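Here is the structure we will look at, set down as structure tokens.
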Amino acid sequence: MSKKVSSGAEKAEELTRKNQKTAEKPTAKKTTAKKTQPAKAKAESTKKTAKKQSVKKTKTKKQISEKKLKKQQAREQKKLEAQKIRAEKKQHRLEKRLQAKQHRIDRLAAIKEKRAEQREKRRERKDMLKHESKEARMQRKADERQAKVEARVAKRRAAAAERQARREHRLKVRAEKRADRKERQHAPGFGGWLAAVIALGVTTLALGSMMTFGWMNMNGMQAEMAGVHTQSLYELNSIVDNLDTNLAKARVSNSSNDQVRILSDIAIESEMAEVIIERLPVDCRLTQNMSSFVNKMGDSAQSMLYAVARGDKLTDSQKATIEYMYDVNLEMKRIINELTSSSSPKEMMRAMKGNEDSLMITSLGEMENNVVETPKEINDGPFADNVKKVTAKNLENLEEINATRAEELASNYFKSYNPTGVRCTGEAVAQKLDCFNVIISTDDGEMLAQITKKGGKVVMFDSYKDCSDKNFSVERCTDIATDFLNALGFNDMKAVWTSENGTTCNLNFAYEQNGIIYYPDMIKVKVCEERGIVTGMEGLAYMLNHIERPASQAAISKEEARESLNAGLDVEVARLTVIPLDGEEVLAYEFYGNYGGNDYYVYIDANTGDEVQLFTVVGTAQGKALM
């Protein structure tokens, strides 16, 4: 077996490893020594650093704890405020719930109360219907219908009045603005006047400039007013056209519903037309009859309206009145249409200046004289328009006087007015009754009287005195009128009708003999309620009809005549009268009373017991009237 021998290379490597191991041992010792020396210093440094960090951490902890405390306090405060807000909201919700609950309770209580009232009303109505007669039920329904109609008419009138007031206000404001604008445009300056002062003739130039400006300004104002009056004329034309349409419908309508609507429109349009007529720039005497016709046409329509609302049918007389009003209004329409189409601002200004040949004055004069009359169905009082006879029997045997004597009598009749002059201006004829026209001058103005040639009796008296306040009652005015008639020689006169028109009291007097009222012998008197004096009197009917009559005897008693009346008429006055009927005088019992809210005059023939005349009292813008 061969022996293994190591090579030289292997020996060299082994030697190298030993040397490396030997060299490594002392190096480790040196490193350990080097590390051991600064360890203490490093530990001390570490302790100091730790101490500083500990102090710093302590301070930071204190700061952090203070901030936390503040934040905690803020959070608690915020929580308290939130709790308070929640509590308030909760309280508010609770209060609202309580209020809502109380409101429900009150509403339920009100509903229960209302239901109880309705049950009570139904019970009362049931009891009423159970015991109500057929006539009472018809009357109640008629009253209810009439109340509805009156409410509807009043509402329409109020609306029409409001529209008219708004329009007048607009026109007034527009006219004022235009006048102000024209005044600013034409305002005179002082430059020219100052130059004229420096030059020559300042006074004349200034005066001339001022007069020119005044003329221009006045001319502009007149043009504005002419425009306003022209607009009023156009409105009147439109209203008259509407009246023509509605009157045409009323002639043929046979339905109560349509009649109520049509008659309501006629009543309202009549009032509107009357307001516009009064604004026309002409003398009121040119529109007196037209204004009276339009006013009484409205009253007639209103009276028919109430009758239809009560369930009544229009009578033949009422239908004839509609035909009459239609004919007159148709002629008015023709003339006003022509006037409107031919009218111009220039013509309107001529009418405003009172030129007799202006188109408006001539047209209205034609209408006043030839077209318009008062509806024949309407009177100012019982038998107020009765003038049938044409000879004054009571004056036939009296002495005839001359103009001088008429002046003397007039001065004596009206001595209480303190006349400053009396003059006769001519003669007149009224229903074949010859009279003197006498003018009585006083401090308050002039008065006109007509004195009969036979006997020197006063037939008519009129004065133009303002009367704006009411200082005297109707009863006192009646006494004043009675004293006035006694002073004129009219004795035994009794007031049978009174009506107030603003501050004027209108009275009708009839002759009384042996307790009987003689309506043919009537005198009308007008008394100013401000001054307490008579301002007008008309006694033509008395002059033509008055004679001494033999005593009259009634064939039936007042109680027997009362049996001919409607059972529902509540009679207030009953007396024996003589009334004009178909050209004759008839002895009749007069019963004045109320039925269904309306006043009536019923006349029963004192010999036969038949109803011979019936009037109903209607309200007008000039007071009461009969129809």
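Keep in mind it's a predicted model, so treat the numbers as computed, not measured. Note that the numbering runs from 1 along the sequence shown for the chain.
- Taking the side chain as every heavy atom from C-beta outward, Lys494 and Arg575 approach each other to under 4.5 Å.
- Scanning for disulfide (SG to SG under 2.5 Å) contacts around Cys477 gives an empty result, with sequence neighbours left out.
- Between Tyr592 and Glu572, the side chains place no donor N or O within less than 3.5 Å of an acceptor N or O (distance only, hydrogens not considered).
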Original post:
Step by step, would you call Lys526 with Asp462 a side chain to side chain contact (heavy atoms under 4.5 Å, CB included)?
Top reply: CA-CA 9 Å; Lys526 182 172 60 175; Asp462 197 12; 3.9 Å; yes
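- Listed here is the closest heavy atom pair of Ser253 and Gln259: O-NE2, 3.0 Å.
- Ring geometry, Phe591 versus Tyr589: the interplanar angle falls from 30° to 60°, so the pair is classed tilted.
- Taking CD1 of Ile262 as the reference point, atom CE of Met304 lies at 12.5 Å (rounded to 0.5 Å).
- Considering every non-hydrogen atom in both Arg562 and Ala574, the closest pair reads NH2-CB, 4.2 Å.
- Closest non-hydrogen pair, Asn471 versus Glu530, comes out as ND2-O, 3.0 Å.
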**OP:** Please test Asn506 against Lys524 for side chain to side chain contact (heavy atoms under 4.5 Å, CB included), starting from the C-alpha separation and ending with a verdict.
**Re:** CA-CA 7 Å; Asn506 300 307; Lys524 302 177 184 179; over 6 Å; no
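- Proximity of Val240 to Asn337: side-chain heavy atoms (C-beta onward) are nowhere separated by under 4.5 Å.
- Using a 4.5 Å heavy-atom cutoff, the side chains of Lys313 and Val308 are not in contact.
- Shown are Thr504, Ile533, Val534; of these, the side chain to side chain contact (heavy atoms under 4.5 Å, CB included) with Val527 is made only by Val534.
- Classification of Glu323 and Arg251 as a salt-bridged pair holds, one side-chain N sitting under 4.0 Å from a carboxylate O.
- Listed by chain and residue number, nothing satisfies the side-chain hydrogen bond (donor to acceptor under 3.5 Å, both in side chains) test with Arg86 (two or more places apart in sequence, or in another chain).
- Under the 4.5 Å side-chain criterion, counting only non-hydrogen atoms from C-beta, Gln613 is not in contact with Val602.
- In this structure, CD on Gln91 lies 10.5 Å from CZ on Arg93, to the nearest 0.5 angstrom.
- Residues Ile480 and Gly532 share a closest heavy-atom pair of CD1-O, 3.3 Å.
- If you take CD1 on Ile604 and OG on Ser564, they are separated by 5.0 Å, rounding to the nearest 0.5 Å.
- Applying the side-chain contact (heavy atoms from CB on, under 4.5 Å) rule to Ser473 yields the partners Glu475, Arg476; only residues at least two apart in sequence or on another chain are considered.
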Original post:
Does the side chain to side chain contact (heavy atoms under 4.5 Å, CB included) test come out yes or no for Val294 and Glu269, once each step is laid out?
Top reply: CA-CA 9 Å; Val294 171; Glu269 289 164 354; over 6 Å; no
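- Scanning all heavy atoms of the two residues, the minimum distance from Asn329 to Asp244 falls at ND2-N, 3.3 Å.
- Judged purely by distance below 3.5 Å, without hydrogens or angles, the side chains of Asn594 and Asp599 pair a donor atom with an acceptor atom.
- For the atom pair Met325 CE and Leu247 CG, the distance stands at 6.0 Å (nearest 0.5 Å).
- Take Tyr595 and apply the side-chain hydrogen bond (donor to acceptor under 3.5 Å, both in side chains) test, not counting sequence neighbours, and it matches Gln139.
- The structure places CD1 of Ile268 at 12.0 Å from CG of Asn242, a figure rounded to the nearest 0.5 Å.
- Under 3.5 Å, the side chains of Tyr519 and Glu590 contain a donor-acceptor pair of N or O atoms.
- Using a 4.5 Å heavy-atom threshold, the side chains of Ser270 and Leu243 count as touching.
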Original post:
Given the rule in the side chain to side chain contact (heavy atoms under 4.5 Å, CB included) test, do Leu614 and Tyr603 qualify, once you have shown the distances and angles that lead to the verdict?
Top reply: CA-CA 6 Å; Leu614 171 66; Tyr603 295 88; over 6 Å; no
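- Counting only residues at least two apart or in different chains, side chain to side chain donor-acceptor pair (under 3.5 Å) contacts with residues 106-117 comprise Gln102-Asp106.
- A salt bridge links Glu500 with Lys470; the closest basic N to acidic carboxylate O contact falls under 4.0 Å.
- Put simply, OG on Ser300 and CD1 on Ile322 are 7.5 Å apart, with the number rounded to the nearest 0.5 Å.
- Phe509 and Thr478 get closest at one heavy-atom pair: CZ-O, 4.0 Å.
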Side-chain polar contacts of residues 71-78 - donor-acceptor pairs under 3.5 angstrom, sequence neighbours left out - could you list them?
none

